[in-house]
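Computed from a predicted structure; not experimentally measured. Start at 1 with the first residue, then count along the sequence. Counting starts at 1 for both ligands and their atoms, following the listed order.
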Amino acid sequence: MISLTLAQLAQVTQGQVESVADTTLLISAVSTDSRKIAENCLFIALKGERFDAHDFAQQVVVSGAKALLVERKLEVDCPQVIVKDTRIAMGQLAAWVRQQSRARIVGLTGSSGKTSVKEMTASILSERGKTLYTAGNLNNDIGVPLTLFRLTNDDDFAVIEMGANHPNEIAYTTSIVKPEAALVNNLFAAHLAGFGSPEGVAKAKGEIYQGVPEEGTAIVNLDSYSEKWQFQPRQTVWYYSLTPQAKADFYPSDIQVKQLTTDFVLHTPVGSVDITLPLPGLHNIANVLAASALAISVGASLEDIKNGLAKTQAVPGRLYPVRLSEHKVVLDDTYNANDGSMIAAIHVLEKMPGYRILVVGDMGELGDYAEDCHQRVGVAAKQAGLDKVFSVGQLSELISQFSECGEHFTVKADLLTRLIPLAQQKDVVSILVKGSRSSAMEDVVNALKECF
Ligand code: ATP
Ligand code: UDP
Ligand code: MG
């Protein structure tokens with residue numbers, strides 16, 4: 001972390017200093033979890049759904065915390081800065097850290113593929129300099145500050161993932177990150193319950209462009225965008241598309257989709273380059289276009305792109321190949337699902353060898369659009385000519401029904417007693433397992449691993 005004194009912390013958060021002998025006390029780490037206290041850190045007491053971290057103050061002081069950021073004065077022997085709202089103060093501190101950093105920072109949001117694009121962008125920029133990037137999925141109003149706290153004076157670049165399930169969330173995190181370049185990866189029916197409608201999703205994700213400075217770069221996916229988005233007059237706007245077209249600054253050609261890898265030529269405003277991507281699926285080419293645009297906007301070369309992408313690896317839970325035996329593969333895509341990512345994954349399974357089985361759980365958080373989305377996935381499975389669909393849960397029954405090759409189960413145990421013998425009996429099998437986080441479809445992947 002970029003350090004600051006307690007006096008600076010109080011100034012940045014408009015807080016009041018209590019129980020302090022020495023306001024030049026230096027803070028160089030932050031923790032929000034009493035179970036993970038770094039030596040000499042500042043503990044920020046947040047209130048969550050289950051716990052109020054103010055209750056752990058005594059314990060964190062014993063564990064080595066040097067100061068507390070709290071909403072009320074606590075009876076513990078430790079310097080404290082008291083603020084009205086610790087979440088907001090955490091954001092103010094993160095914004096300050098970001099301002100001190102010399103790193104060139106890019107940000108991204110979207111319905112799907114944020115983590116995938118973040119990993120690719122970080123892989124590319126790491127070819128050029130020291131790059132900090134969001135760990136795992138820490139992409140909300142807590143995760144984004146936690147990520148920025150990890151910035152050091154050595155970082156040349158940072159890639160920040162921003163997620164949202166309600167309006168104004170991206171406006172808030174972007175105002176902290178102030179990315180030099182930013183993009184919305186795509187718009188699908190994700191978290192519709194929180195946004196109200198597809199237009200609501202577009203508006204909320206588009207908030208990211210308002211946070212890009214005047215001289216910055218707004219990057220737009222021509223295959224998934226909103227006419228209503230507005231850009232500032234002096235912003236550079238770069239467009240990308242999977243289809244070559246006059247307006248696209250970034251596009252692919254000569255695409256060769258293999259089973260688990262993809263070859264293509266990447267065209268950019270600074271030239272073209274042959275890419276071998278160690279990931280399956282057309283949607284990952286779209287992710288490369290996004291990552292390349294972000295990386296080039298802060299100085300990456302075509303060589304950085306080629307070399308960085310060659311090192312990219314599948315992220316666990318995102319179309320992650322798990323080999324059961326020589327000719328039997330599971331694509332573990334159990335991390336999450338919406339209609340867009342489900343259909344993208346079905347297109348990958350379509351190209352896989354042997355008997356192709358889709359094992360699918362419910363997609364959650366879709367509000368009034370839930371039935372529509374499940375039906376659409378069923379139709380996509382039918383059009384892909386899959387050999388079998390096994391669904392489990394409730395709404396996913398519609399996927400089975402519309403696929404016209406489906407069988408539905410209410411519990412996973414029953415599905416497994418049908419799936420496992422079938423997978424054992426076929427010589428060559430490809431199985432895609434996917435569903436929303438709430439469906440916990442990794443149970444199916446784990447059961448398959450045990451049986452082979
Ligand atoms: P979250 O909102 O949970 O953070 P995310 O946006 O970070 O998700 P990933 O974790 O990268 O997205 O991928 C989630 C799912 O979307 C995976 O199943 C992945 O294969 C799929 N996916 C990745 N990129 C795309 C894309 N461009 N279009 C459609 N689906 C995609
Ligand atoms: N917390 C903590 N120690 C614990 C349990 C929770 O410090 O033993 C912190 C946690 O890191 C978070 C806050 O208390 O900052 C609220 O926790 P909760 O689980 O309610 O919220 P969530 O993490 O689900 O938002
Ligand atoms: Mg993510």
Side-chain angles (χ1 to χ4, degrees), residues 30-37 41 43-60 63 65 68-69 86-87 90 108-121 133-146 160-165 169-170 183-191 194 201 205 221 223-224 240 242 279-291 312 314-321 331-349 360 363-365 380 432-437 441:
V30 166
S31 168
T32 57
D33 189 338
S34 63
R35 294 155 292 194
K36 294 176 215 149
I37 293 297
C41 72
F43 181 72
I44 304 182
L46 298 171
K47 287 180 185 157
E49 276 171 28
R50 291 164 294 170
F51 298 101
D52 177 353
H54 291 79
D55 297 340
F56 306 110
Q58 187 61 49
Q59 185 185 326
V60 304
S63 306
L68 308 175
L69 185 63
T86 43
R87 264 184 190 238
M90 185 176 182
L108 67 145
T109 186
S111 301
S112 278
K114 296 181 289 298
T115 295
S116 307
V117 172
K118 178 232 358 181
E119 297 281 328
M120 288 179 184
T121 312
Y133 53 101
T134 303
N137 209 24
L138 286 172
N139 66 15
N140 65 5
D141 62 332
I142 303 292
V144 168
L146 285 176
I160 311 293
E161 170 176 337
M162 289 175 264
N165 52 23
E169 205 174 345
I170 297 291
L183 62 82
V184 176
N185 199 39
N186 47 40
L187 300 168
F188 295 127
H191 303 299
V201 175
K205 306 279 177 198
N221 180 356
D223 304 329
S224 187
Y240 68 91
L242 279 175
L279 298 173
L282 264 185
H283 66 287
N284 272 320
I285 302 186
N287 292 343
V288 166
L289 299 175
T312 295
V315 185
R318 282 81 160 178
L319 285 177
Y320 192 80
L331 287 177
D332 175 357
D333 208 19
T334 57
Y335 166 69
N336 217 340
N338 56 41
D339 59 336
S341 69
M342 195 69 102
I343 292 168
I346 287 171
H347 287 145
V348 173
L349 181 63
V360 66
M363 295 183 285
E365 291 188 76
L432 167 67
V433 188
K434 189 166 177 69
S436 272
R437 189 77 306 277
M441 293 301 285

> Is F56 atom CZ crowded by more than 12 heavy atoms from other residues, nucleotides or ligands, each under 6.0 Å away?
Replying inline: yes
> Can you list the atoms of ligand 1 that are under 4.0 Å from a heavy atom of S116?
Replying inline: 9 (P), 11 (O), 23 (C)
>> If we set the cut-off at 4.0 Å for heavy atoms, which region of V315 has an atom near ligand 1: side chain, backbone, both, or neither?
In response: neither
>> Using 2.8 Å as the threshold, say whether any N, O or S atom from T134 sits that close to the Mg ion (ligand 3).
In response: no
> Polar-atom distance check: T115 versus ligand 1, any N or O pair below 3.5 Å?
Replying inline: yes
>> Quick check: G113 and ligand 1, any N/O pair under 3.5 Å apart?
In response: yes
> At a 4.0 Å threshold, what atoms of ligand 1 neighbour a non-hydrogen atom of N139?
Replying inline: 4 (O)
>> Considering non-hydrogen atoms of the protein only, which is the closest contact for atom 16 (O) of ligand 1, and what is the distance?
In response: S341 CB, 3.2 Å
> Does A286 approach ligand 1 within less than 4.0 angstrom via side chain, backbone, both or neither, non-hydrogen atoms only?
Replying inline: neither
>> Considering non-hydrogen atoms of the protein only, which is the closest contact for atom 21 (O) of ligand 2, and what is the distance?
In response: G48 CA, 3.4 Å
>> Closer than 4.0 Å to some heavy atom of E49 - which atoms of ligand 2 meet that?
In response: 20 (O), 21 (O)
> Which protein non-hydrogen atom lies closest to atom 24 (O) of ligand 2, naming both residue and atom, and how far is it?
Replying inline: R50 NH2, 2.9 Å
>> Tell me which one of L279, N287, V288 satisfies side chain to side chain contact (heavy atoms under 4.5 Å, CB included) with S116.
In response: N287
> At a non-hydrogen distance cut-off of under 4.0 Å, which region of A345 contacts ligand 1 (side chain, backbone, both, or neither)?
Replying inline: neither
> What part of N186 sits under 4.0 Å from ligand 1 if we count only heavy atoms: the side chain, the backbone, both or neither?
Replying inline: side chain
> For ligand 1, which atoms sit closer than 4.0 Å to a heavy atom of L319?
Replying inline: 20 (O)
> Evaluating non-hydrogen atoms only, which member of K434, E119, R318, H347 is closest to atom 9 (P) of ligand 1?
Replying inline: R318
> S111 near ligand 1, heavy-atom distance under 4.0 Å?
Replying inline: yes
>> Below 4.0 Å, non-hydrogen atoms only: which portion of F51 touches ligand 2? Side chain, backbone, both or neither.
In response: both
> Counting each atom of ligand 1 from 1 as listed, which ones have a heavy atom of K114 under 4.0 Å away?
Replying inline: 1 (P), 2 (O), 4 (O), 5 (P), 6 (O), 7 (O), 8 (O), 11 (O), 12 (O)
> Do you see an N/O/S atom of N139, backbone or side chain, under 2.8 Å from the Mg ion (ligand 3)?
Replying inline: no
> D333 pairs by side chain to side chain contact (heavy atoms under 4.5 Å, CB included) with which of V433, V348, L432?
Replying inline: L432
> Which of these, N185, N139, T134, sits in a side-chain hydrogen bond (donor to acceptor under 3.5 Å, both in side chains) with E161?
Replying inline: N139
